[in-house]
Protein chains: 2
Amino acid sequence: MESRIERLCIERGLKMTGQRRVVARVLSDASDHPDVEELYRRASALDQNISIATVYRTVRLFEEQGILERRDFGGGRARYEPSEDHHHYHLIDIDTGKVIEFEDAELEELMKVIAGRLGFDLVSLRLELFGRRRDSRARERTASDGA
Amino acid sequence: MESRIERLCIERGLKMTGQRRVVARVLSDASDHPDVEELYRRASALDQNISIATVYRTVRLFEEQGILERRDFGGGRARYEPSEDHHHYHLIDIDTGKVIEFEDAELEELMKVIAGRLGFDLVSLRLELFGRRRDSRARERTASDGA
DNA sequence: ATAGGTGCAAAGCATTTGCCGCGGT
DNA sequence: ACCGCGGCAAATGCTTTGCACCTAT
């Protein structure tokens, strides 16, 4: 079946090759923030006819098309997630590497005000929180986004 | 004369070589956020007996010692600034690349609250705002702002 | 038919490191 | 004197690219 991201590609008139379809599917199915290596691994599982260079090219194309967002959580490799309509931010658990997403209207508002005070219009912002779980015993059963 | 950062090195018992003294001086004098290439350029102007590998090593050492902070403003190269006692954040002018520093107590408080809501203690955070300078017409309309 | 995509290997870029002679303490 | 430091060039890790072939439209 046609994945969500494949549909977006078609809307934008991108040529749909087998490889792109596979990458689109892998991304559509991902609920984490995989790096290129990991995308390549997942894509290869579905179709060995794919090279890592193509994954790089595809991921870049999708980003340019606004289909994908590139993230940098440190560690020197880019991580990707499908674009969503509402902005959200990330908190990284420094013990497990797990990434928690959150939204916060007040946050964005405050950033706009701060930029405004400095004489700027806020165009975009990059924010990552790094934190440690408060009660590690209670919630230690969750880890899927390890980097 | 002994630069501010050289003094910090001595306090920490680091061996003070000529090269380290030069890098310490360049950093002490910097009011911007130079990358390694730029530090190398400035250091070379004071003393040609320095290789870029040493700048890399020194900058890394200083960072490990808490003397320096590494920043990532995008563009793929690390940028450095001497550590300061109070946290501050950066707004990057997307047209000129110029970096504006600011502090904001409310911001840090909000981040703590957000992390807390998610069940985390905030350990650190990374934030960069990207903005565009409001044009002069817009600024005149607002009458007073601290550009 | 043809513009553009793909694989492969080589190149690129920022950064690190092995080796070995040199310099600070 | 000793251990660590610095220069150089080679190595590294992620990402991009040149080239020749292939495929979606």
Side-chain angles (χ1 to χ4, degrees), chain A residues 2-3 5-26 33-41 43-44 46-65 67-80 147, chain B residues 2 5-26 33-44 46-65 67-80 97:
Chain A
E2 191 177 85
S3 67
I5 287 178
E6 182 178 351
R7 195 151 39 246
L8 292 173
C9 292
I10 293 166
E11 278 174 23
R12 271 153 248 236
L14 300 180
K15 199 189 266 191
M16 284 318 290
T17 64
Q19 292 88 330
R20 284 189 186 168
R21 235 184 294 276
V22 169
V23 175
R25 145 119 306 122
V26 164
H33 305 76
D35 59 25
V36 168
E37 199 90 30
E38 178 61 25
L39 289 173
Y40 174 54
R41 213 171 291 126
S44 298
L46 302 184
D47 177 350
Q48 11 287 131
N49 276 9
I50 202 164
S51 84
I52 196 161
T54 296
V55 178
Y56 272 108
R57 283 194 270 236
T58 304
V59 121
R60 205 221 227 169
L61 173 72
F62 286 3
E63 197 204 346
E64 286 162 4
Q65 295 289 326
I67 292 172
L68 222 59
E69 300 200 10
R70 187 206 313 235
R71 304 285 181 188
D72 171 17
F73 299 150
R77 29 226 293 174
R79 316 229 343 225
Y80 293 90
Chain B
E2 189 178 86
I5 287 178
E6 182 178 349
R7 195 152 37 249
L8 292 173
C9 292
I10 292 166
E11 279 175 22
R12 270 152 249 236
L14 300 180
K15 199 188 265 192
M16 283 320 289
T17 64
Q19 292 89 329
R20 284 189 186 169
R21 234 185 294 277
V22 169
V23 174
R25 144 118 310 119
V26 165
H33 305 75
D35 60 24
V36 169
E37 199 90 30
E38 178 61 24
L39 289 173
Y40 175 55
R41 215 171 290 127
R42 296 182 194 176
S44 298
L46 302 184
D47 177 352
Q48 11 286 131
N49 277 9
I50 202 163
S51 84
I52 196 162
T54 296
V55 179
Y56 272 108
R57 282 194 269 236
T58 304
V59 120
R60 205 220 224 171
L61 173 72
F62 287 2
E63 196 203 347
E64 286 163 3
Q65 296 288 326
I67 292 171
L68 222 59
E69 300 200 10
R70 188 204 314 233
R71 305 283 180 190
D72 172 16
F73 299 149
R77 28 227 294 175
R79 316 229 344 225
Y80 293 89

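First the proteins, then the strands, lettered A, B, ... as listed; each starts at 1. Everything numeric here is computed off the predicted structure, so don't read it as measured data. Hydrogens, waters and symmetry mates are skipped; everything else that's a heavy atom, side chains included, is used.
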- request: Rounded to the nearest angstrom, tell me the gap between atom CE in B/Met16 and atom P in D/dC5.
  value: 11 Å
field: Euclidean distance, atom OH of residue B/Tyr40 to atom C1' of C/dA14 [Å, nearest integer]
entry: 15 Å
query: Does a salt bridge link A/Glu11 with A/Arg7, judged by any charged N lying under 4.0 Å from a carboxylate O?
result: no
- prompt: Which part of the nucleic acid does A/Asn49 contact within heavy-atom distance under 4.0 Å: base, sugar-phosphate only, or nothing?
  reply: sugar-phosphate
query: Reckon A/Tyr56 has a side-chain N or O less than 4.0 Å from the OP1 or OP2 of D/dT16?
result: no
query: Between A/Arg20 and C/dG5, is there a side-chain N or O to OP1/OP2 distance below 4.0 Å?
result: yes
field: Contact nearer the 5' end of DNA chain D, comparing B/Lys15 with B/Ala53
entry: B/Lys15
- line: note: B/Asp35, atom CG; C/dA14, atom P; distance rounded to Å ~ 9 Å
message: Counting distance alone, no hydrogens or angles: does the base of D/dG7 have a donor or acceptor under 3.5 Å from a partner atom on the side chain of B/Arg57?
response: yes
Phosphate OP1/OP2 of C/dT17 contacted by B/Arg60 side-chain N/O (<4.0 Å): yes
- request: Please report, rounded to the nearest Å, how far the P atom of D/dC14 is from the CZ atom of A/Arg70.
  value: 15 Å
- prompt: Taking only N and O in the side chain of B/Thr17, is any of them less than 4.0 Å away from OP1 or OP2 of D/dG6?
  reply: yes
Side-chain N,O (B/Gln19) to OP1/OP2 (D/dG7) below 4.0 Å: yes
Interatomic distance, B/Leu61 CG vs C/dT15 C1' [rounded to whole Å]: 16 Å
task: Indicate yes or no: does A/Arg60 engage A/Glu63 in a salt bridge with an N to O separation below 4.0 Å.
output: no
field: Polar side-chain atom of B/Arg79 near backbone of B/Phe73 as donor-acceptor pair, under 3.5 Å
entry: no
message: I need the B/Arg41 CZ to B/Ser44 OG distance, nearest 0.5 Å.
response: 9.0 Å
statement: Whole-Å distance, A/Arg21 CZ to D/dT25 C1', equals 12 Å
query: Ignoring hydrogens and geometry, is there a side-chain-to-backbone donor-acceptor pair from B/Arg21 to B/Met16 under 3.5 Å?
result: yes
field: Residue met sooner reading DNA chain C from 5', once B/Val36 and A/Ile52 are mapped to nucleotides
entry: A/Ile52
message: Tell me whether the side-chain N/O atoms of B/Thr54 come closer than 4.0 Å to OP1 or OP2 in D/dG6.
response: no
